[in-house]
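Hydrogens, waters and symmetry mates are skipped; everything else that's a heavy atom, side chains included, is used.
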Amino acid sequence: MLQRLRHAEIMRRVRTSGATSVRDLASQLGVSPSTIRRDLEVLDRDGTLRRVRGGALPSVDADTDRPFAEVAATDGQDKEAVAARAARLVADGDVVLLDIGTTTMCLARRLRGRRVTVVTSSLAVLDALRTDTEVELLLLGGMVRRPYHSLVGVLTEAALSQVVADRVFLGASGVRPDGQLVDTTLAEVPLKRAMIAAAGQVVLVVDRHKFPGTGALRVCGPEDIDVVVTNEGADPATLRNCAAAGAEVLLT
């Protein structure tokens with residue numbers, strides 16, 4: 001089994017069962033205990049689970065099922081401005097991945113009537129584009145995460161492995177002062193990483209309040225981001241670190 005698929009299966013089993021032992025995981029996945037220990041060390045270092053003696057526990061997920069509408073209404077004008085600027089990066093004929101989140105929902109609305117292909121696991125994006133006959137809409141399968149209008153899990157990650165996109169528009173809980181992209185939601189981090197791997201260009205779309213931001217789980221480094229779209233007023237030092245790593249910074 002490929003390491004990426006093995007990690008996804010380990011996370012699925014940990015989320016389903018809670019405390020899981022190295023011995024059980026090795027038996028279930030048909031690999032050696034030493035392989036599982038190395039996998040758990042990687043996943044613990046990334047913050048996607050908590051390594052304990054003899055096995056692993058689910059990591060604390062800071063997403064507390066805050067209503068999607070409440071999140072969407074917070075800093076709404078800033079999110080709309082970011083979405084408007086990001087939409088200008090999309091050319092007719094493009095294949096774009098839209099991440100889960102409220103800013104990408106705003107971006108989806110601005111792609112109505114465009115001859116583009118949109119790939120997403122966001123049910124909010126689906127709602128925004130479902131009646132548009134110009135947009136080719138591909139919905140990734142997975143487990144429904146109702147409070148945040150999304151599909152997540154190993155099926156979503158497996159579907160992403162079949163996708164080749166021109167660019168992904170990525171959200172996040174925050175950007176650390178050194179430019180590291182972080183998130184608070186355990187279920188979304190593997191999807192974000194898979195989207196990055198599937199896209200030719202990575203565009204970060206986050207409002208100014210997330211510079212700098214916090215999150216327990218690392219998504220990627222600033223060197224993995226090609227373009228940052230945010231608002232005037234975002235922390236200048238954080239933006240400079242993103243630019244120093246090679247990202248183009250676009251301010252609204």
Side-chain angles (χ1 to χ4, degrees), residues 63 65-142 144-152 156 159-160 163 165-174 181 183 185 188 191-192 195-196 198-211 213 225-234 248-252:
D63 179 31
D65 293 345
R66 187 179 174 202
F68 188 84
E70 179 183 327
V71 178
T74 304
D75 304 317
Q77 289 186 336
D78 286 336
K79 291 175 182 177
E80 289 290 354
V82 169
R85 182 64 184 88
R88 290 162 53 189
L89 299 176
V90 180
D92 287 349
D94 276 357
V95 177
V96 297
L97 270 164
L98 295 189
D99 191 11
I100 296 164
T102 53
T103 302
T104 50
M105 175 188 68
C106 297
L107 174 56
R109 292 170 179 162
R110 293 178 180 274
L111 296 179
R112 288 171 178 163
R114 299 282 303 275
R115 290 189 175 276
V116 295
T117 298
V118 172
V119 186
T120 190
S121 65
S122 167
L123 298 177
V125 170
L126 170 66
D127 288 341
L129 297 174
R130 69 166 73 236
T131 61
D132 192 312
T133 57
E134 295 295 320
V135 174
E136 187 78 25
L137 184 59
L138 302 180
L139 185 65
L140 301 166
V144 177
R145 184 165 165 260
R146 291 179 178 84
Y148 215 60
H149 298 197
S150 60
L151 297 163
V152 298
T156 320
L160 275 166
V163 173
D166 293 296
R167 58 187 50 83
V168 57
F169 291 93
L170 203 67
S173 296
L181 191 64
D183 208 87
T185 307
E188 292 183 15
L191 298 186
K192 293 179 188 295
M195 287 184 175
I196 290 170
Q201 183 185 56
V202 179
V203 183
L204 179 63
V205 285
V206 289
D207 66 73
R208 60 191 173 92
H209 300 93
K210 295 181 178 180
F211 290 86
I225 304 298
D226 298 303
V227 183
V228 175
V229 184
T230 190
N231 314 105
E232 294 279 359
E248 179 183 7
V249 177
L250 304 176
L251 300 177
T252 67

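Taking CG from Leu204 and NZ from Lys192, the interatomic distance works out to 9.0 Å, rounded to the nearest 0.5 Å.
Classification of Asp78 and Arg208 as a salt-bridged pair holds, one side-chain N sitting under 4.0 Å from a carboxylate O.
When side chains are defined from C-beta on, Leu129 counts as touching Arg112, because their heavy atoms get closer than 4.5 Å. Side-chain contact between Leu140 and Leu191 is absent, with no heavy atoms from C-beta onward closer than 4.5 Å. The closest side-chain heavy-atom distance from Val152 to Ser121 is not below 4.5 Å.
Of the listed residues (Val228, Leu97, Val227, Ile196), just one forms a side-chain contact (heavy atoms from CB on, under 4.5 Å) with Val202, and that residue is Ile196. Of the candidates Leu123, Thr102, Thr185, Thr102 is the only one forming a side-chain contact (heavy atoms from CB on, under 4.5 Å) with Tyr148.
Under the side-chain hydrogen bond (donor to acceptor under 3.5 Å, both in side chains) criterion, Asn231 pairs with Thr252, sequence neighbours left out.
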Original post:
How far apart are the C-alpha atoms of Val144 and Leu151, what are their side-chain angles, what is the distance that settles it, and do they pass the side-chain contact (heavy atoms from CB on, under 4.5 Å) test?
Top reply: CA-CA 5 Å; Val144 177; Leu151 297 163; 3.5 Å; yes

Subject >> Leu181/Leu170 under side-chain contact (heavy atoms from CB on, under 4.5 Å): CA gap, chis, key distance, verdict >> reply: CA-CA 10 Å; Leu181 191 64; Leu170 203 67; 3.6 Å; yes

**OP:** Dump the intermediate steps for side-chain contact (heavy atoms from CB on, under 4.5 Å) on Leu250 and Leu89, then the final yes or no.
**Re:** CA-CA 11 Å; Leu250 304 176; Leu89 299 176; 4.0 Å; yes

Subject >> side-chain contact (heavy atoms from CB on, under 4.5 Å) evaluation trace for Leu139 with Thr120 >> reply: CA-CA 5 Å; Leu139 185 65; Thr120 190; 4.2 Å; yes

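At distances below 3.5 Å, not a single donor-acceptor pair connects side-chain atoms of Thr104 with backbone N or O atoms of Leu98.
The side chain to side chain donor-acceptor pair (under 3.5 Å) contacts involving residues 82-97 comprise Asp92-Arg114, Asp94-Arg167, where partners must be two or more places apart or lie in separate chains.
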